[in-house]
Asks: 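Following this message is one structure expressed as structure tokens.
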Amino acid sequence: MASEDEINLLVIVVDVNPIWWGQQAQREPEFTLSKCLDAVMVMGNAHMAMTRTNKLAVIASHCQDSHFLYPSKSWRGGDSGAEDASSSGDGKYELLSIANNLIAEEIRNVMSKSEGNSTDTLLAGSLAKALCCILSIKTVYIGRDTKSRLLVIKAAEDCALQYMNFMNVIFAAQKQNILIDACVLDSDSGLLQQACDITGGLYLKIPQKLALAQYLLWVFLPDSEQRSQLVLPPPAHVDYRAACFCHRNLIEVGYVCSVCLSIFCNFSPICTTCETAFKIQLPQMVKPKKKKLKQST
Amino acid sequence: MASLSEEVLLVVKKVRQRKQDGTLYLMAERIAWGPEGKDRFTVSHLYADIRCQKISPDGKAKIQLQLVLHTGESTTFHFSNESSALKDRDAAKELLQQLLPKFKKKANKELEEKNRMLQEDPVLFQLYKDLVVSQVISADEFWANRLGDINNTDPAPYNNKQEVGISGAFLADIRPQTDGCNGLRYNLTADIIESIFRTYPAVKQKYSENVPHNLTEKEFWTRFFQSHYFHRDRINTGTQDIFSECAKQDEKGLKSMVVQGVKNPLVDLLSLEDKTLDEGYGVSSGPPSTSNLNRSVKESSNAAIIKRFNHHSAMVLAAGSRKGETPTDQASETSSTDGNSRDSDFFQPPVRLQEAIEYEDLQRKNRPKTVALNLKKSDRYAHGPVPLLSQHYTTSQDIINSVNHIRHEMVNYKPNLTQVLSSTAATSAIAALSPGGVLMVAGAQQAINQMVPTEVQGELKHLYAAAGELLRHFWSCFPVNTPFLEEKLTGHLEEMLQTAYSKFHIWQTRRMMRKT
């Protein structure tokens, strides 16, 4: 059991790519962004209700920016909280009702804006913001034990341009002992699989989007200590093959330049990245002996 | 008979070997037997080759002596002299008992070393069992690059014993005890004698000259202790003493030491002198030379003691650094003993100054020159193993539609937490997550090391280590410089690898048969 003083911070990063969600709403009207956010709220409430020292943060990952849904800057605690609590009137734990209201308000703000031309979710940026949030909590509660983890709910596909940033985030999380869990709604994401494998978290692609809340509560609510006692889905096999620099094919055996470490699928005498020339002695060709034709008289 | 240059220690007649009568000869380095009537030895064994000897039990009719060699062979001698067979056999046995241990050490050293290595390292032992015992590699090759140079005369580093130095107080330790009637007893042990010889090579010289020709040891030492040479006030009164010469030598040596002085400029002994203004608080007074004579007498006796003390210390130090060289010449001895300790001082000053001024970690490091990395297309590294082209396309119209749709939907978003999950959805999710469900299939696989029993794992590990050792032999043959290596590669190693492979095959089939 965790000690009384230990602070458990859960940061949920929700992918709110409007293009994907808009298309999703047209494909499957029963499960839309509203439903997804409801499930996330249930998860957040459950986490905060488990122990008094549990803390929550929610980040919405949009195409243009990443936005903190909770805790938000407009929340001043104290006064405004009291007003909201009295307004809900259903006897709910104030913290939970405040959180829910804030999240709802913020997401409305986020989705009402739409500028820019990009179609990819800024997931790497959101993860980086999450890590900063975790670090700030650690510095605030510097005397006490803090354990943090990250839960990513992913909807759209991976963006290839974010690879470097993503890997940096993953290794930074690994260094700080922060788990990255991933709940994937639509298509498998190689980057998140790697993230979960490297940091020790759980990767799950859920077959039924409608039961998102159930999956979140069953698989992602327990923290890392409790997970060792539970029977959870086994880790997926991660494809760690490198891609060759010339064709971007995933290869198992290749040629590596010893100067710049770039990977190629075929041997070439000059490395195209650093322009080093390689001399390899090829086995000598044995010339076939010419047969003398017998001249018949 | 055989070479007369060997010293024959024992001859036993009427010794039968392999049902033939003959004579047994025990020589300085070997034991030999020749049949009667012939003048050559048919059986000859060096003592170094003999591992042990065995005798037949006393009650038996046949009186025999058996020699077991290191190679495992054994030779039996039957003593058939009716009267003295037992005596002969026992005489031979005792002589062998004395001789064998002397020769044993040399041969066994190598074996001992090998045994020790095998016992200390279980992995090596297993490798030895796998490869040599099952005849894949010959024992010689196995030990070829493991033993190093055991055959050289240099002992292994941990066998080196440190030289024992000389205690400075060795002379004082010979505390004389009163004999009861006005005599003194000096207890001289071998250590003390050795110390005296090492420190004062002059005494050693005298000893070798006089003992045992003129004096016995006891007399020599008695004279030594009686002589004024030994006692404190060494006033050379010119008595006919064999040690007066030694005293003169010492004087010479001491003078030469003083003349050489201390050549280390960092040590300024002269500044340690007392610098008094004068006696009487700075006011020079008193007659200058009234007590000159007295002073000189007192001074000379003090000077003698101090001189002796200094000389003794210098000799002890010099003896320690000499390391047992044989004294060749008296004069050169004393000068070399002084020179030994001086030489090191001589060249030290520049080094010492250097050390005092410079600090290693403040120096600029001499890094090897490097070539800068020149990348032309560095953006290649930023791209991960994700295909460049995305898998599906969206038209811009689609994008606009989607964005509008979602905006429209979320404008009036209100969380409805009571309707999040339907029970059917929940139960199907739970079913998928329970063991045996859709998502839990992969978990049924066990780790391979739980499926394979430990003994099989162990056997496989041994086979793997043996294969690694063979590979090491293979790679050590490259580059193929000599025809020997070439022959080893093509012939010998080929065979070894074949044997190893067939062994592995046998193991594999045996395992598979056991399973089925």
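The chains referred to below are lettered A, B, ... by the order of the sequence lines, with proteins before strands, and numbering in each begins at 1. Computation of the quantities below employed the complete heavy-atom set of this structure, encompassing side-chain atoms and omitting hydrogens, waters and symmetry-equivalent molecules.
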Asks: Report the option among B:M410, B:H405, B:K377 that has the most heavy-atom pairs separated by less than 4.5 Å from atoms of chain A.
Replies: B:M410
Asks: Dump the intermediate steps for side-chain contact (heavy atoms from CB on, under 4.5 Å) on A:D38 and B:Y413, then the final yes or no.
Replies: CA-CA 10 Å; A:D38 287 346; B:Y413 169 64; 2.9 Å; yes
Asks: With a 4.5 angstrom heavy-atom cut-off, could you sort out which part of A:T119 is near chain B: side chain, backbone, both or neither?
Replies: side chain
Asks: When rounded to the nearest 0.5 angstrom, what is the spacing between CD in A:Q214 and OG in B:S428?
Replies: 9.0 Å
Asks: Report which part of B:L421 has an atom under 4.5 Å of a heavy atom belonging to chain A: side chain, backbone, both, or neither.
Replies: side chain
Asks: Where does A:L161 contact chain B at under 4.5 Å (heavy atoms): side chain, backbone, both or neither?
Replies: neither
Asks: Any non-hydrogen side-chain atom of A:R108 less than 4.5 Å from a side-chain atom of B:V411?
Replies: no
Asks: Between A:N45 and chain B, which part of the residue has a heavy atom less than 4.5 Å away: side chain, backbone, both or neither?
Replies: side chain
Asks: Check each atom of A:V16 against the heavy atoms of chain B and say whether the ones under 4.5 Å are side chain, backbone, both or neither.
Replies: neither
Asks: Against chain B, label A:I107 side chain, backbone, both or neither, depending on which of its atoms sit under 4.5 Å from a heavy atom there.
Replies: side chain
Asks: Scan side-chain atoms only and decide if A:T32 and B:E409 contain a donor-acceptor pair under the 3.5 Å cut-off.
Replies: yes
Asks: Go through B:I399, B:T424, B:N416 and name the one with the most non-hydrogen pairs under 4.5 angstrom from chain A.
Replies: B:N416
Asks: Go through the steps to decide whether B:Y381 and A:S262 satisfy the test side-chain contact (heavy atoms from CB on, under 4.5 Å), and finish with yes or no.
Replies: CA-CA 8 Å; B:Y381 295 96; A:S262 44; 4.1 Å; yes
Asks: Rounded to the nearest 0.5 Å, what's the gap from SG on A:C271 to CG on B:L375? Could you check?
Replies: 8.5 Å
Asks: Heavy-atom distance under 4.5 Å to chain A: side chain of B:A426, backbone, both or neither?
Replies: both
Asks: Side chains of A:T273 and B:R380: donor-acceptor distance under 3.5 Å anywhere?
Replies: yes
Asks: Is A:W218 close to chain B through its backbone or its side chain, or both, or neither, when contacts mean heavy atoms under 4.5 Å?
Replies: side chain
Asks: Looking at B:N404, B:D398, B:N412, B:L433, which one has more heavy-atom pairs under 4.5 Å with chain A than the rest?
Replies: B:L433
Asks: Please say whether more than 12 non-hydrogen atoms of neighbouring residues, nucleotides or ligands are located less than 6.0 Å from OH in A:Y255.
Replies: no
